[in-house]
Protein chains: 2
Amino acid sequence: MDTEKAIDKAEHNCLEHGVKLTPKRKSVLEILLESKHPQSAYEIADLYQQKLAEKIPAMSVYRMLEFLIEQGLVHKLASTNKFLACSHITCTHSHKTPQFLICDNCQTVNEIGIDSSLIAALEQSISDNHFKLSSPQLELHGLCEACQTN
Amino acid sequence: MDTEKAIDKAEHNCLEHGVKLTPKRKSVLEILLESKHPQSAYEIADLYQQKLAEKIPAMSVYRMLEFLIEQGLVHKLASTNKFLACSHITCTHSHKTPQFLICDNCQTVNEIGIDSSLIAALEQSISDNHFKLSSPQLELHGLCEACQTN
DNA sequence: ACATTGACGTTATATTGTATCAATCTTGTT
DNA sequence: AACAAGATTGATACAATATAACGTCAATGT
């Protein structure tokens, strides 16, 4: 994944929405783009300090993550309390239900695109229960290809 | 939902599996069965104290929850860090993928049974990504029927 | 220039969860 | 009954995650 391209896209995106991708916000996004695995807010604070030789309060990291999540640039994994850059930042297609395959062994996460007809069927099944989905996000735990063979 | 019947079933269940549903574990399960909403571990500790006029350490609550989850009697909602009794304790059919519709307004949770062919398709889509699911659990946030109209 | 707003810092505190070791209770066996 | 072994629970400490409240400063528009 091309970090630079993603950052460009993110900046463009923020401009369009009339919000600011400040240097610190950008750094946090960069850190997540360069991370192989999802990171906790405190881990991000550590990485920030390593990378920029400057301390950052966890409180600030949470605020920046909140911003990035609002802009759809970052996702939070509720099941692990960690954060990761949206892997579709550079895509043109509109974002829908994010779906994550989380490897419980090596922690890598695959943000997949489940067949949209499947999602539609799922949503139908849900609306049959008279329920109105807000932002569906599927987090599925298991083992990735590499970890299955070990 | 009939608490007593569920407790009976749970006891039977534990007997079959050669594990013990101790009085405290039973109390924790009762508390969840009688709760309208999912509860955090610390909330359960408070309810326990109210109900039994006896303090219980949070650590113990966590252990009892762990036990109850292992027995499939309780679920943990990863997205909210709360616990709830499985609403299918008294059912005879085998338990599969638990799926929760969580109302973000009133906190009620509906444990639904999504069409099994749908789940099968979802799992197919996942195995197409060379991923091996461990215990799929879907947590879907939104608004329940009652809260949509308000 | 001035007021307003947003971004960020600072501190404190709440909430959720785990590690560790001691005490107690069960159970099976002798 | 007496004992050993294991499971259960208590007690204490602490780690990890998250939010609240308030202050400062800079950017922005009027």
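Basis for what follows: all heavy atoms, side chains included, without hydrogens, waters or symmetry-related copies. The sequence lines fix the lettering, A, B, ..., with proteins before strands; numbering per chain opens at 1.
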message: Expressed as a whole number of angstroms, how long is the span from E70(B):CD to dA7(D):P?
response: 12 Å
- request: Calculate the interatomic distance between R25(A) atom CZ and dG9(C) atom P; express it in whole Å.
  value: 11 Å
task: Nearest whole angstrom, please: distance from the C1' of dA16(D) to the OH of Y62(B).
output: 11 Å
- prompt: In Å and rounded to the nearest 0.5 Å, what is the CZ to OG1 distance from F100(A) to T108(A)?
  reply: 13.0 Å
field: Side-chain donor/acceptor of E30(B) to backbone N/O of T3(B), under 3.5 Å
entry: no
query: To the nearest Å, how far apart are K24(A) NZ and dA26(D) C1'?
result: 13 Å
query: Checking Q148(A) side chain against H130(B) main chain: does a donor-acceptor pair fall under 3.5 Å?
result: yes
field: Nucleotide of dC8(C), dA18(D), dT9(D) approaching M64(B) most closely (side-chain heavy atoms)
entry: dT9(D)
task: In whole angstrom, give the distance that lies between atom CZ of R63(B) and atom P of dA22(C).
output: 14 Å
task: For L29(A) and L68(A), work out which heavy atoms get closest and say how close.
output: N-CD1, 4.0 Å
message: Under a 3.5 Å distance rule, please check whether E43(B) uses its side chain to pair with a backbone N or O of S40(B) as donor and acceptor.
response: yes
- prompt: NZ of K82(A) versus P of dG17(C): gap in Å, rounded?
  reply: 13 Å
statement: Regarding the side chain of K20(A), the nearest nucleotide among dT28(D), dT27(C), dT16(C) is dT28(D)
- request: Give a yes or no on whether E16(B) atom CD has more than 12 heavy-atom contacts from other residues, nucleotides or ligands under 6.0 Å away.
  value: yes
message: Is there a side-chain contact between S60(A) and the phosphate of dG9(C), meaning an N or O under 4.0 Å from OP1 or OP2?
response: yes
Value in whole Å for how far the C1' atom of dG17(C) lies from CD1 of I69(B): 12 Å
- prompt: With the 4.5 Å side-chain cut-off for hydrophobic clustering, are F131(A) and L77(B) part of the same group?
  reply: no
- prompt: Heavy-atom contacts under 4.0 Å between residues 38-56 of chain A and DNA chain D, which residues?
  reply: S40(A), Y42(A)
message: Nearest whole Å is fine: how far is dT19(D) P from E66(A) CD?
response: 8 Å
message: Over all strands shown, is P57(B) touching base, sugar-phosphate only, or nothing at heavy-atom distances under 4.0 angstrom?
response: sugar-phosphate
field: dG17(C) phosphate, OP1 or OP2, under 4.0 Å from N81(B) side-chain N/O
entry: yes
